[in-house]
Amino acid sequence: MTQSTRNDDTFAELNQPSLWSGINAYRSDPLIVDLTSTLPRSTREDLEQLGRYVTSHEAQELARMANQGTPQLRTHGPRGERLDVVEFHPAWHALMRRSMSAGLHSSIWDAQADPDAKGQSHKVRAARFYLTAQLECGHLCPLTMTSASVAAMMASPAVQKDWAPKVLSRKYDSSNKPAMQKSAVTIGMGMTEKQGGTDVRANRTTADKVSDGIYRLSGHKWFMSAPMSDAFIMLAQTKDGMGCFLVPRLLEDGSANGLQFQRLKDKLGNRSNASSEVEFSDTFGFLLGAPDGGIRTILDMVTLTRLDCALASAGIMRASLAEAVHHTRGRSVFGKTLVQQPIMTRVLADMALDVAAATALAFRLAESFDKASSSSEDAAYARVMTPVAKYWCCKIAPALIYEAMECIGGSGYIEERPIARHYREAPVNAIWEGSGNVMALDVLRVLNRGRDLFETVFAGLARDLGPAGKKTIDVLRAAMALCEQDEGAARLLIEQMALAAGAAELYRLGAGKIADAFIETRLAGGWRSTYGMLDARFDASYIVDLLYPPAT
C-alpha cells in the first residue's frame, strides 16, 4: 500500500493531524465574516467560494509549484539577439488568471465591478485580497501595482484614456505583444536605484523631452518589480525636476523599448514573482503629471500599495495561525491535545489577539479609502493611518508566523507546508514601499504639516475606545509632543497609534472581550518580546475558540 492511499484515520493513529486544507478560509474566520456582513449577499457568496478555493488541494498545489518553479530570465535568443523575457511556471499564470478574473488588479476603478456594493469598492477588494494572500502572495505583487498605477495615470488624462481600459479588462493575457494589442495589461514599478534606495530624490535616471508628453529615458533601476509587465511606473530627472513616467516594455511595432534585464534577484521570499535589475537608454516614456511633480504623482500610487501590504500581512498571519491552531487541536502530547496545554493555549490566544487587531485595522483603513471623499474624518484617517497600519501589520508578521511555526514543531519547518512559504514571504511587505523607519518619518511629516488631522483621528479613536479612550489619547498626545522634540522617538508614536487604533476598531466591531484583552496587554502592559504573556484574567481558550472555531 502506498502512502497516498492511507486515510486520515491511519495518520490519526500516528498522532499526525490532517493538513489545513479544504476548510473554508472565509466561513471559518468569524472576524472577516463580521467585517463583511454589510456587503451584498452576492458578494458574500463570492467570498465563500473564494474561501473554499484558497485552501483547496488544487489551489495549494498551484501555489507550491509557482514558488518551486521560479521565474527564469532569457536575455538572448539562439542567434544572439536580445530577448529580455522572463518565463514563468504555468502555475503562476493559473494564479494570475483567476485573480485577474476576480478583479484584484482593477475593481476599485470599475464602477460596474460590484454594482450592489456601491461606495464599498475598497472594502470588497480588501476581502478578496486578504483571502487570496492566504494562498499565495507572489502573484499579488503585479496585481497590486497594476491597481495602484491608475492613480498615477490620472495625472495624465491622455495616458489614462489609452491605458485604463486595458487595466480594467479581466482577461489575463501573458502574450509578449505591444500593450495596445493585448486583451489586458499589467503594470510594474521601477523606482529603486543603487545610490538612492528610499531616497528617490537621489535617483540618477534622466529623462529628456522628445515631444509634448513624451520623454527619452536613460539609466538603471536596481529593483524593477514584475519585469514582464506591459509597462512600468518610473521616476526620472527632467530639466525641471523629478518626473514620473509610464514606460512601455515594448513599442507599438513590437520592438523592445530599450529595457535590458541584467539579472533576476535571488530573493528570500516572493519567489514566484520576478524582480529584476535593468539598464536602459533611448527608452521612451509618457509623462504623468508635471515634469517636476513626480514625487507627488507617485505618492498617490504608493498609498494604495501600502494598504495592500497591510492586508497581505494580515492574511498570511491569519493563514499561519489557523494552520497552527488546527495542528494543535489534532496532535496529542502528555495525555492532552496540544491546544489544551495551558502554555500553548496562551501562546495561541496571544497571537490571535494580534491577528484580529491587524485584520480589523487593515479593513478599517480600506473603509476609510471608500469614504474619504465624503467624510473629513475618514480622509484624515486615510492620510494618518496608512503608514501606521502598514508599519505595524507588516512589522509583527515575521515574528508571529515564526511563533505559529514553532507551535507546529519540526514539521512546520519544511517546505511542504504553506506556513514555510508564508514565513519567507512576510518580510517583503515590511520592506517594500517603505520600511519601518520610512513609515515613521511619514507620520512625522503629517504631524509637521497637519496636526489637525491627528486630532480628528484621535477624536474618532477616543469615541470607539470608550472608557479607555481619554487615557489612551493622553498617551498618544504625549508621544506626539516627544516626537516634536526628538525625531528618533517616532517609532514610539507610530506603534502606540497602531495599538490604539487596532483596539478601537475591535471595540467598534463589538469584540469587547477580545478588545479588552488586547488593550490591557498591549497598551497597559509592560515590554513584550515574545508571545504567551497573557495572564489568568483572560480566558485563553475562549479567545482561541472564538476567533478560530473548531471545524465541524
Side-chain angles (χ1 to χ4, degrees), residues 66 69-90 92-93 96 138-139 141-142 145-146 149 159 162-163 166-167 172-196 203-211 214-237 243-267 270-288:
T70 55
Q72 300 296 313
L73 172 62
R74 294 182 65 200
T75 57
H76 294 80
R79 297 172 300 165
E81 73 276 20
R82 292 289 311 198
L83 291 180
D84 294 294
V85 296
V86 180
E87 297 176 339
F88 291 83
H89 193 282
W92 162 273
H93 296 298
M96 288 286 289
H139 82 289
C141 180
M145 294 184 293
T146 302
S149 70
V159 174
D162 290 338
W163 285 80
K166 295 293 183 180
V167 169
Y172 175 59
D173 186 345
S174 62
S175 63
N176 190 31
K177 296 188 298 188
M180 295 303 123
Q181 298 178 24
K182 298 181 64 170
S183 60
V185 300
T186 57
I187 310 295
M189 294 177 73
M191 290 199 296
T192 305
E193 298 185 7
K194 288 180 180 178
Q195 77 291 338
N203 284 2
R204 297 174 184 171
T205 295
T206 60
D208 298 318
K209 187 173 182 179
V210 175
S211 61
I214 298 178
Y215 284 66
R216 182 184 289 109
L217 283 69
S218 297
H220 176 275
K221 298 295 179 181
W222 203 22
F223 277 90
M224 191 169 77
S225 297
M228 284 306 286
S229 297
D230 298 287
F232 306 92
I233 304 294
M234 288 190 185
L235 294 175
Q237 299 282 0
C244 182
F245 300 87
L246 178 74
V247 180
R249 185 169 57 82
L250 299 177
L251 297 175
E252 292 180 5
D253 63 359
S255 61
N257 190 20
L259 299 168
Q260 295 191 344
F261 303 143
Q262 303 304 298
R263 59 172 173 161
L264 298 185
K265 301 294 190 177
D266 187 7
K267 297 173 293 182
N270 200 248
R271 298 187 69 84
S272 68
N273 175 47
S275 297
S276 64
E277 190 170 345
V278 62
E279 292 182 358
F280 47 94
S281 61
D282 292 330
T283 298
F284 294 94
F286 300 104
L287 179 66
L288 302 177

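For clarity, every value in this text was computed on a predicted model and none was experimentally measured.
Figure legend: cation-pi geometry between Lys221 and Phe280 absent, as NZ or CZ is not positioned both under 6.0 Å from the six-membered ring centre and within 45° of its axis.
The closest side-chain donor-acceptor pair between Asp253 and Ser255 falls under 3.5 angstrom.
Heavy-atom minimum distance, Leu264 versus Pro227: CD2-CG, 4.3 Å. The minimum heavy-atom distance linking Asp173 with Ser183 is given by the pair OD2-N, 3.1 Å. Annotation for Ala226 and Pro142: closest pair CB-CB, 3.9 Å, computed over non-hydrogen atoms. Looking at every heavy atom in both residues, Asp282 comes nearest to Asn257 through O-OD1, 4.2 Å. Smallest separation of non-hydrogen atoms from Leu287 and Val159: O-CG2, 4.4 Å. Of all non-hydrogen atoms in Leu217 and Gly285, the two that sit nearest each other are CD1-N, 4.0 Å.
The shortest distance between side-chain heavy atoms of Met228 and Pro71 does not fall below 4.5 Å. The shortest distance between side-chain heavy atoms of Met145 and Ser225 falls below 4.5 Å. Using a 4.5 Å heavy-atom threshold, the side chains of Met234 and Thr205 count as separate. At a threshold of 4.5 Å between non-hydrogen side-chain atoms, the residues His220 and Gln195 do not count as touching. Between Met189 and Phe232, every side-chain heavy-atom pair lies at or beyond the 4.5 Å cut-off. No side-chain heavy atom of Phe286 sits less than 4.5 Å from a side-chain heavy atom of Asp162. You'll find the side chain of Ile233 reaches within 4.5 Å of the side chain of Leu288, heavy atoms only. With a 4.5 Å cut-off on side-chain heavy atoms, Lys166 and Asp230 do not count as touching.
For Gln262, the CD atom is densely surrounded, since the number of other residues' heavy atoms within 6.0 Å is greater than 12.
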task: Give the C-alpha distance, both sets of side-chain angles, the deciding distance and a yes or no for side chain to side chain contact (heavy atoms under 4.5 Å, CB included) between His139 and Asn273.
output: CA-CA 6 Å; His139 82 289; Asn273 175 47; over 6 Å; no

task: Give the C-alpha distance, both sets of side-chain angles, the deciding distance and a yes or no for side chain to side chain contact (heavy atoms under 4.5 Å, CB included) between Ser174 and Met96.
output: CA-CA 9 Å; Ser174 62; Met96 288 286 289; over 6 Å; no

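Looking at Gln237, its side chain does come within 3.5 Å of a backbone N or O of Asn203 through a donor-acceptor pair. In this structure, Glu193 contributes its side chain and Met191 its backbone to no donor-acceptor pair below 3.5 Å. Without hydrogens or angle criteria, Asp84 side chain to Phe261 main chain gives a donor-acceptor distance under 3.5 Å. When atom types are taken as modelled, the side chain of Thr192 and the backbone of Trp222 share no donor-acceptor pair closer than 3.5 angstrom. Side-chain atoms of Lys182 come within 3.5 Å of backbone N or O of Ser175 as a donor-acceptor pair.
For the atom pair Ser281 OG and Leu259 CG, the distance stands at 9.5 Å (nearest 0.5 Å). Once rounded to the nearest 0.5 Å, the distance linking OH of Tyr215 with OG1 of Thr206 reads 12.0 Å. The distance from the CD atom of Gln260 to the CZ atom of Arg82 is 4.0 Å, given to the nearest 0.5 Å. Considering NE2 of His89 and OG of Ser272, their distance stands at 11.5 Å, rounded to 0.5 Å. In this structure, the separation between CG on Leu73 and OG on Ser276 is 8.0 Å, given to the nearest 0.5 Å.
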Show me, pair by pair, the donor-acceptor contacts under 3.5 angstrom made by side chains of residues 243-251, not counting sequence neighbours?
{"unit_1": "Arg249", "atom_1": "NE", "unit_2": "Ser229", "atom_2": "O", "d": "2.9"}
{"unit_1": "Arg249", "atom_1": "NH1", "unit_2": "Asn176", "atom_2": "OD1", "d": "2.8"}
{"unit_1": "Arg249", "atom_1": "NH2", "unit_2": "Asn176", "atom_2": "OD1", "d": "3.0"}

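For Trp92, the ring-ring contact (aromatic ring centres under 6.0 Å, His included) partners are Phe88, not counting sequence neighbours. With sequence neighbours left out, Glu87 forms a salt bridge (Lys or Arg N to Asp or Glu O under 4.0 Å) with Arg74.
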